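Remember, it's 1-based here, ligands and their atoms both numbered in the order they're listed. Just so we're clear, the structure is a prediction, and the values are computed from it rather than from any experiment.
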Amino acid sequence: MAFSKDFLFGVATSSYQIEGAFNEDGRTSSIWDTFSKTKGKVLNMDNGDVACDHYHRYKEDVELIKELGVDAYRFSIAWPRIFPKEGEYNQKGMEFYKTLLKELKGKGIKAVATLYHWDLPQWIQDKGGWEKRENIEYFVEYAKKCFEELDEYIYMWITHNEPWCASFLSNALGEHAPGKRDLQAALKVAHHILLSHGMVVNLYRKLGLKKPIGITLNLSPSYPASREFKDKIAANNCDGFFNRWFLEPLFKGSYPKDMVNLYSNRVSDFSFIKEEDFNIIGARCDFLGINYYNRSLVEFDPMSILLFRGAYSEYKKTSMGWDVSPDEFIDLIQMVREKYTDLPIYITENGSAWDDNLVDGQINDTDRIEYLIEHLKAVEKMNEMGLNIKGYFYWSLLDNFEWGYGYSKRFGLVYVDFKNQMRIKKVSFYKYKEIINRRTI
Ligand code: GBH
């Protein structure tokens, strides 16, 4: 078994999670600055003011990426650096990404840029954020600037990272910024994010630019905890919540009827969805990005709007409490292929957090290595099955700001000591390097 020469090995990060420099060179607040500085939102009230200080240490970090030997680096652009205020374009903010991209280019590393990895400018949130259809225009304006200034350095563009998180997790479950608990708001946000994706893809084509462009979804295959009919309903609804709500509009031109019915028990207004929107949302992309972490095992819960809740499972758990489930990764991709699309697929994130221990200056992260190997084996197998996975990005290069968990969860191949910003390569770093180098496991 081996990976072909043109298979893209990569590593991923995102702006708010690593950059720091929260108030430098004209950057204003994002909703994550606001959220993390609000009591009771993020563990230990950690925030991204400094994070991995990547804004100042990007050279050292690109050097690490080079040493790792990956073909590509996936990062995201901080919107509030580019448009700190309404109508105010900030060239200084753009220069940071140009410098980063030149550094990557100089080292022969392909750049994959995500336009939106959740750091919405606070000034847009103050105008209603993604809930307001009019605000999509700001995203189009921002994307246009990024395309004009950066396209020559970019290998692939990703419009959005994980719309499910930016909508439901952030606006219905309240766990991410802006921290709302309002299903109606979440549904609007999801719709406007999908619509903005389509608009930006259309804009990209209109500008005559030619790099591959796509979207990244977080997908999780759902399984019933028993053979009972009610648990099958639970699994169906879980699939509808995480996966189908995004896959169907992108690839089938509508929202899933069963989910619309479920949601209409709690939400009365669906007028923000217009039939014509689906033409835009379905704009032809060049690839589909999938972030895969774990399966969902669920059981019936009559108390929940969605009629499901997570069920007890015997699988090994990461420190996030997520099942290690590489076989289900294959089920997921098969399902996407069978039901939705023949587009090339990139695994734009996959990784795991563990309680890493620094012993004699070394982090021997055997659990992460095992997770990495098992998931890469699954990718190899999928390609043998003809499922056409074109690349794999490990999440993440560095330990970083893990959203609601602050700095308490470590996903990196490189350990970061947040007291002094020292970077220490974990054993998994060398293992991944070796796999990339040999192009086989
Ligand atoms: C990604 O999100 C993000 O893109 C990235 O920024 C982040 O740092 C990384 O992953 C690690 O968290 O119902 O408890 O089984 C992760 C998306 C969506 C993955 C929900 C886990 C199910 C959680 N997550 N999913 S659970």
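Aromatic rings of Trp354 and Phe411 (six-membered ring for Trp) have centroids beyond the 6.0 Å cut-off, not under it. Aromatic ring centres of His117 and Phe75: separated by at least 6.0 Å. In this structure, the ring of Phe83 has its center no less than 6.0 angstrom from the ring center of Tyr138.
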| said: Checking Asp331 against Tyr223 for the side chain to side chain donor-acceptor pair (under 3.5 Å) test, could you report, in this order, the C-alpha distance in whole Å, the side-chain angles of both residues, the deciding distance, and whether it holds? | reply: CA-CA 11 Å; Asp331 292 353; Tyr223 302 84; 2.7 Å; yes
| field | Full working for salt bridge (charged side-chain N to carboxylate O under 4.0 Å, His left out) between Asp71 and Lys110 | value | CA-CA 6 Å; Asp71 307 297; Lys110 295 181 167 74; 5.9 Å; no
| message | Under the criterion salt bridge (charged side-chain N to carboxylate O under 4.0 Å, His left out), I'd like the reasoning laid out for Lys211 against Asp286: C-alpha separation, chi angles, the key distance, then a yes or no. | response | CA-CA 9 Å; Lys211 308 291 173 63; Asp286 301 298; over 6 Å; no
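At the shortest separation from atom 20 (C) of ligand 1 among protein heavy atoms lies Trp164 CZ3, 3.9 Å. Protein heavy atom nearest atom 24 (N) of ligand 1, with residue, atom name and distance: Trp322 CH2, 4.2 Å. The closest protein non-hydrogen atom to atom 18 (C) of ligand 1 is Asn218 ND2, 3.7 Å. For atom 9 (C) of ligand 1, the closest heavy atom belonging to the protein is Tyr293 OH, 3.3 Å. Scanning all protein heavy atoms for the shortest distance to atom 12 (O) of ligand 1 gives Glu402 OE2, 2.6 Å. Ranking protein heavy atoms by distance to atom 3 (C) of ligand 1, first place goes to Glu349 OE1, 3.3 Å. Nearest protein heavy-atom contact of atom 13 (O) of ligand 1 is Phe242 CZ, 4.3 Å.
Considering both main-chain and side-chain atoms, Asn294 comes within under 3.5 Å of ligand 1 through a nitrogen or oxygen pair. In terms of polar-atom proximity, defined here as any N/O pair under 3.5 Å, Ser14 makes no such contact with ligand 1. At a 3.5 angstrom cut-off on N or O pairs, His117 counts as close to ligand 1.
If you number the atoms of ligand 1 from 1 as listed, the ones under 4.0 Å from a heavy atom of Glu162 come out as 1 (C), 2 (O), 3 (C), 4 (O), 16 (C), 17 (C). Residue contact check: Trp403 has heavy atoms under 4.0 Å from atoms 5 (C), 6 (O), 7 (C), 8 (O) of ligand 1. Numbered from 1 in the order shown, with element, the atoms of ligand 1 that lie under 4.0 Å from a heavy atom of Asn161 read 4 (O).
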